[in-house]
Engineer: 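Below is the structure I would like to discuss, written out as structure tokens.
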Number of protein chains: 2
Amino acid sequence: MLAHMHPTIKDIAERAGVGLGTVSRVLNDNPRVSETTREKVMGAVRDLNYVPSLAARGLSLGKTQSIAVIAPFFTRSVFVERLHGIEETTSANGYDVVIYNVDATEKRDRYFRTVPDPRRVDGVIVISLPPSTPDVAHFQRSSVPIVFVDVGSPLCEPFDRIVINDVEGGRMATQHLIDLGHRRIGYLGDIPQAGFNFTAGEDRFEGYRRALAGAGIAVHPEYHLDGRFGREVARTLARRMLGLAERPTAIFASNDTQALGVLEAARDLGLDVPGDLSVVGYDDIEMADFLGLTTVRQLLFESGRRSVEALLRRLGEPEGVPICDSLPVELIVRRTTAPPR
Amino acid sequence: MLAHMHPTIKDIAERAGVGLGTVSRVLNDNPRVSETTREKVMGAVRDLNYVPSLAARGLSLGKTQSIAVIAPFFTRSVFVERLHGIEETTSANGYDVVIYNVDATEKRDRYFRTVPDPRRVDGVIVISLPPSTPDVAHFQRSSVPIVFVDVGSPLCEPFDRIVINDVEGGRMATQHLIDLGHRRIGYLGDIPQAGFNFTAGEDRFEGYRRALAGAGIAVHPEYHLDGRFGREVARTLARRMLGLAERPTAIFASNDTQALGVLEAARDLGLDVPGDLSVVGYDDIEMADFLGLTTVRQLLFESGRRSVEALLRRLGEPEGVPICDSLPVELIVRRTTAPPR
DNA sequence: CTACCTCATGGAAACGCTTCCACAACATGC
DNA sequence: GCATGTTGTGGAAGCGTTTCCATGAGGTAG
């Protein structure tokens, strides 16, 4: 017995003594089927353990029941959390998630060109990767709905997007330090990784700049350093900044990982945190809680969830003005910030 | 102009002035095509910007060019790292990765039943989730190759698998403490999350047990506590263990996250690490390095890479004895272990 | 009793690909 | 000169769905 073979609607039709169309109608809840035949068919479906072929349905319908996620460095907690929200919402709605990890600009370009294909996926979520003008033109030609998460670029305005108010987050972090009485406040950012043009860093810096301006504090160029993402680089840079004759009494790092580097640098130099140095991070990754790091929390999981919802909405309603969903940020004050001595 | 429509091989055939079969042959590098027609076809492919339909090819060939990963709690760093290795290797070989995150046993059961379907994916990688006997029967009936990663269960022997020598890892960690002169060594494990039957914890405990036995140290029941995965629970349990009249001078936690909880407990109780208490973790997640946590490193990324390689091998060679690839573990000594006072 | 709807149903066509079979054109061996 | 390859090619069949169209059965109204 070919018990392991997969039955097709033809097998079901034969066993139930009905036609192919009828089986398909039953499976798709078409009301134009009598109750008795419906039951006969459902019986055969159970008997033969029928499972429809997604590929065949996809071919016939032009739908794949799967959505693609294009994200950079998906091992970083920030992306993992977003992906988590995406996965949960997607699976709850009967879609599959296909992940495309971008660890080099060539991969991004390749995925941007090949993934948004209606025969491949029903929708695409792009995280933190701003497209170029040709990319946008290509996306618009494609009939696949695209949602951008955490991409501030104005080029994305024709598409649905979930944005984070990073300017506000940067402002809040900096204002917190100002409110504590700090005047010499350093900023440690990550360098827009060659060609990636992440915008979050710049926005957070803009918030920092505005907060200082609002308090009438001049931006001291030596208090602003950027480096490649990662703890080690941040540690080195922070050490340099803390070695200045008139060193800052507080440092705002544009993400928690770099904030850890700052903490290490402080430890290296024998500086007490928060006594000699206040430190604020950004993202509120798990480690931040463990270390008592003051930071700015963003709704990562939620951003993933909403991106899927936006996609599903767009699938039902292809036309219509693009929505822009802005997520709030929140300052989480812990033990690495205090008034300066 | 329907410039945005996707051309089919029929369009290519017409434009190149050849038949459908010829186009297909060119696209599949069939040698039975003359050089001149091959060039004509390739020209048409470029002109029309042809991209083949995966669904159609899949339907015709019974292949999908995608592999599934079924993993529990994929936000935990351990799984993220493994997934990273999987994604990288998979994309390098022209396959797509579809992720199925298991956060409840029902989801695991559902995925186990529905995902290993040759019409859905070409292969399946299961991480840390031991199957039941009926599951195994179902997997064997299915024609989809399956690779298990980090599943010690003997039920998996009919399948390819990548295993981690967790017994040895547990032994190494414990032996390290014994070598330092500790005799009162606690063990903090994670509870086999209701129904999941993760085996790693038990194996690590077994290693702990053997190391003690080898040194002629009796296992003290009060020095062994298990709790749900997570820092907070571990913190509570560790506090309990450290509150004993004769408290342990060292604790081996079965994973780094729980080791963090132990560190917190020590902090709570004003115990100096490693002066009053030595702590060893397991996994070597990023935080371990930051905190100077002594731990056991396993090759997470590598385990992902190898699982894909095993799958690809199996796709080329469906029959043949299942391979069992055992990955080494390594003790990383940092600053949380020292001889007892 | 006839004309006309409605409802349930069967099956062909279409989706875009691969593969197999048939055939034509030409070369080879005796 | 004829059988016998060999090579390149075209196109039909098949993969498993959905959908559209045709049909027959039964119901209702005149």
Engineer: Applying a 4.0 Å non-hydrogen cut-off, can you work out what B:Ser53 is touching in the nucleic acid: base, sugar-phosphate, or nothing?
Structural biologist: sugar-phosphate

Engineer: Looking only at N and O atoms, is any donor in the side chain of B:Arg25 or the base of D:dG10 less than 3.5 Å from an acceptor on the other one?
Structural biologist: yes

Engineer: Whole-Å distance between C:dC21 C1' and B:Leu20 CG?
Structural biologist: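 Between C1' of C:dC21 and CG of B:Leu20: 15 Å.
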
Engineer: Please assess B:Phe73 against B:Phe196 for the test ring-ring contact (aromatic ring centres under 6.0 Å, His included), listing each intermediate value before the final yes or no.
Structural biologist: CA-CA 11 Å; B:Phe73 311 109; B:Phe196 277 117; 5.5 Å; yes

Engineer: Let me know, please, whether B:Thr37 or B:Leu61 comes out on the 5' side of the other along DNA chain D by nearest nucleotide.
Structural biologist: B:Thr37

Engineer: So, are A:Glu302 and A:Arg306 salt-bridged, with charged N and O less than 4.0 Å apart?
Structural biologist: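 Between A:Arg306 and A:Glu302 there is a salt bridge, with a charged N closer than 4.0 Å to a carboxylate O.
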
Engineer: Below 4.0 angstrom, N of the basic side chain to O of the carboxylate: do B:Lys107 and B:Asp103 qualify?
Structural biologist: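 Salt bridge between B:Lys107 and B:Asp103, a charged N being under 4.0 Å from a carboxylate O: yes.
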
Engineer: State whether the distance check finds a donor on one side and an acceptor on the other, under 3.5 Å, for side chain B:Ser24 versus base C:dT18.
Structural biologist: no

Engineer: Filter on side chain to side chain donor-acceptor pair (under 3.5 Å), then keep only pairs touching residues 59-74 of chain B, sequence neighbours left out; what's left?
Structural biologist: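 Checked against side chain to side chain donor-acceptor pair (under 3.5 Å) - neighbours excluded - the pairs reaching residues 59-74 of chain B are B:Thr64-B:Ser66, B:Thr64-B:Asp122.
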
Engineer: Reckon A:Arg32 touches a base, only the sugar-phosphate, or nothing at all at heavy-atom distances under 4.0 Å?
Structural biologist: base

Engineer: Assess whether a salt bridge exists between A:Asp160 and A:Arg313, defined as any Lys/Arg side-chain N lying under 4.0 Å from an Asp/Glu carboxylate O.
Structural biologist: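 Answer for the salt bridge query: no.
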
Engineer: Between B:Leu59 and B:Thr22, just flag the one whose closest nucleotide in DNA chain D comes earlier from the 5' side.
Structural biologist: B:Thr22

Engineer: Among C:dC17, C:dG10, D:dT17, which is the nearest nucleotide to the side chain of B:Ile9?
Structural biologist: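 Selected nucleotide: C:dC17.
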
Engineer: May I ask you to check whether B:Phe74 and B:Phe79 place their ring centres under 6.0 Å from each other?
Structural biologist: no

Engineer: Using five base pairs at each end, measure the axis-to-axis angle across the helix from C:dC1-D:dG30 to C:dC30-D:dG1 and round it to 10 degrees.
Structural biologist: 50°

